[in-house]
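Report on one structure; see the data block that follows.
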Amino acid sequence: MLADTGLTRPETALEVPSPAAWSQRIAALGNRFFTELPPSPAPAPHWVARSEACAETLGWALDWWRQPGALDVFSGNALWPGMRPLASVYSGHQFGVWAGQLGDGRALSLGETMTPRGLWDVQLKGAGLTPYSRMGDGRAVLRSSIREFLCSEAMHALGIPTTRALCITGSPLGVRREEMETAAIVTRVAPSFLRFGHFEHFAHTANDDQHEALRELADFMLRHHAPECLAADNPYLALLEKVARQTAELMADWQAVGFCHGVMNTDNMSMLGLTLDYGPFGFLDAFDPGHVCNHSDNQGRYAYARQPNVAFWNLHALAQALLPLLNDNSEAAIAALEPYKTVFPEALMRRMRAKLGLATELDADRSLVDDLLRLMAAARADFTITFRRLSRFDAADEASRHAVRDLFLDREAFDAWALRYQDRLAQEGSVPAERHARMLATNPAVVLRNHLAEQAIRRARDGDFGEVQRLLKVLASPYDEPAVAADAAFPPDWAQHLEVSCSS
Ligand code: AMP
Ligand code: MG
């Protein structure tokens with residue numbers, strides 16, 4: 001039996017050739033940072049879906065899953081030689097309140113494998129109880145696993161930094177949520193799953209003079225994930241600034257594509273600026289800046305328009321956590337976050353210019369963008385469809401103009417905006433065909449709207465995983481017009497009643 005966990009190792013790890021060699025760098029830091037334990041077996045496992053794109057990223061052969069034991073490994077029933085599973089400890093602020101110790105309550109890192117992009121951590125999510133499971137059961141249900149899997153790969157295809165998803169396995173094992181569901185395990189991969197919350201944990205659990213663990217973790221992060229910061233006068237400040245800049249770029253990505261994360265707690269914030277922990281996320285359908293995608297978020301703390309400020313708030317929590325390494329110099333810490341205030345708006349403006357097909361920069365572009373968003377909000381125009389139709393907008397082509405105009409309630413206000421837009425395009429000598437091509441490669445046709453995920457989930461619950469795999473393929477080319485027009489169409493009426501919550 002493993003110390004303190006009440007869990008036992010599987011009898012024998014399968015002795016089969018592994019597709020890769022495995023390491024676990026964090027293990028060298030010692031068990032203050034994690035607990036080693038095996039996954040809990042999921043009975044009678046089956047494959048639900050696999051991402052070839054993710055396998056390619058890892059440098060794995062596309063038939064990696066035919067390796068002996070692969071299904072058992074990725075359902076928590078076996079380990080390949082060299083894997084060293086562990087759950088890490090972290091804390092965090094949830095909905096603005098210090099939540100104390102959290103940790104990998106159902107995630108388990110199997111180990112790190114060498115990829116063409118360096119060492120990547122391979123993690124099972126939903127692989128059973130860990131010492132950090134608190135009141136949870138350590139499991140994840142099929143529904144939320146499909147959402148995480150599809151969205152991870154969709155975000156990557158959109159060019160947005162994210163943890164990736166290799167596969168989902170399922171099991172008839174019953175899992176109780178609002179009703180009985182079945183268990184699934186997503187395998188996620190990323191260069192690192194370190195979160196703001198990992199640093200908050202060691203800042204809060206030590207006395208003022210006991211911050212060696214915090215320093216060890218920060219040094220680990222610097223060494224392996226931010227080596228360029230080591231050359232700075234103060235590497236910890238440089239790290240903080242780097243995270244602030246990456247997070248600013250990520251927020252600009254989210255806002256520009258209409259992505260709402262839903263649970264931007266500090267324990268869900270990646271130290272690498274990746275989109276992390278897909279739960280009750282959503283893409284905007286009808287544009288509403290105040291849209292709250294998480295049904296459990298009663299206060300609307302994580303509303304779409306608030307995300308950039310929340311990220312900045314979260315960065316302050318990270319800065320606070322690093323203070324013991326900065327001689328408590330809070331001014332220096334706050335100064336390291338300062339770039340966020342310029343990087344975010346500039347990054348967003350860059351993306352919005354691209355969404356409008358503007359090749360040059362003018363000060364007045366800001367109001368052009370803001371006024372369009374205002375009109376969209378007033379009309380509750382569909383976020384994705386508006387920009388997609390705008391990508392074919394040509395003043396000289398009545399049909400293309402009307403396709404956009406029809407999305408607005410106040411048609412005259414739109415006409416006035418369109419005239420300004422036309423003038424702006426003329427000012428830079430914009431060539432319609434070139435602009436259209438650029439915009440169609442910037443404004444996606446397909447995003448993972450809730451109802452698309454829901455359709456795949458409903459079929460999967462009936463044992464048909466074809467729709468998950470089909471959707472995965474469509475989402476892999478989000479800028480192409482999909483073969484099935486409904487994938488890029490307005491959400492159907494029934495989608496209005498879909499609710500996603502923290503239940504997963
Ligand atoms: P989340 O809201 O999914 O980011 O999770 C917040 C915390 O709760 C993390 O520490 C998770 O590991 C933990 N958690 C969520 N669901 C479960 C579960 N079913 N079993 C154990 N821990 C869980
Ligand atoms: Mg989480």
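As the structure lists them, so they are numbered: ligands from 1, and atoms in each ligand from 1.
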Between Phe344 and Phe312, does the ring-ring contact (aromatic ring centres under 6.0 Å, His included) criterion hold? Intermediate values first, please. CA-CA 10 Å; Phe344 168 71; Phe312 197 45; 9.9 Å; no
Apply salt bridge (Lys or Arg N to Asp or Glu O under 4.0 Å) to residues Asp277 and Arg195 and explain how you reach the verdict. CA-CA 10 Å; Asp277 274 11; Arg195 303 151 188 263; 2.9 Å; yes
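In this structure, Arg117 places its CZ atom where more than 12 heavy-atom neighbours from other residues, nucleotides or ligands lie under 6.0 Å away. Atom CG of Asn31 sits in a sparse spot, with 12 or fewer heavy atoms from other residues, nucleotides or ligands closer than 6.0 Å. Atom CD of Glu52 has 12 or fewer neighbouring heavy atoms from other residues, nucleotides or ligands inside a 6.0 Å radius.
The contact set between ligand 1 and Leu102, taken as ligand atoms under 4.0 Å from a residue heavy atom, comprises 10 (O). In the vicinity of Asn268, heavy-atom distances shorter than 4.0 Å reach the ligand 1 atoms 4 (O). The distance from ligand 1 to the heavy atoms of Gly138 drops below 4.0 Å at these ligand atoms: 18 (C), 19 (N), 20 (N), 21 (C). Atoms of ligand 1 lying under 4.0 Å from any heavy atom of Gln94, numbered from 1 in the order shown and given with element: 6 (C). Short contacts between ligand 1 and Gly103, defined as distances under 4.0 Å to a heavy atom of the residue, involve ligand atoms 9 (C), 10 (O), 11 (C), 12 (O). Taking every non-hydrogen atom of Tyr90 and a distance limit under 4.0 Å, the qualifying atoms of ligand 1 come out as 9 (C), 10 (O). Within ligand 1, counting atoms from 1 as listed, the ones closer than 4.0 Å to a heavy atom of Arg134 are 7 (C), 8 (O), 13 (C). Within the listing of ligand 1, atoms 19 (N) sit less than 4.0 angstrom from a heavy atom of Arg177.
If you check which protein heavy atom lies closest to atom 5 (O) of ligand 1, you get Asp267 OD2, 4.8 Å. Of all protein heavy atoms, the one closest to atom 12 (O) of ligand 1 is Gly105 N, 2.8 Å. In terms of protein heavy-atom proximity, atom 19 (N) of ligand 1 is nearest to Asp137 OD1, 3.0 Å.
Taking the ring axis of Trp313 as reference, the NZ or CZ atom of Arg301 stays within 45° of it and closer than 6.0 Å to the ring centre.
Within a 4.0 Å radius of atom 3 (O) of ligand 1, the protein has at least one heavy atom.
Distance check for Asn268 against the Mg ion (ligand 2): an N/O/S atom falls below 2.8 Å.
Between Phe383 and Phe287, the ring planes lie tilted relative to each other; the angle falls in the 30° to 60° range.
Between the Thr163 side chain and the Arg188 main chain, no donor and acceptor come within less than 3.5 Å of each other.
The one candidate from Lys473, Arg164, Arg147 that meets the salt bridge (charged side-chain N to carboxylate O under 4.0 Å, His left out) condition with Glu153 is Arg164.
The shortest N/O to N/O separation between Val263 and ligand 1 does not fall below 3.5 Å.
Across the listed options Arg195, Lys125, Arg106, Arg176, Arg106 owns the non-hydrogen atom lying nearest to atom 16 (N) of ligand 1.
The minimum distance between the Mg ion (ligand 2) and any N, O or S atom of Asp277 involves atom OD2.
Ring-centre distance between Tyr302 and Phe95: below the 6.0 Å cut-off.
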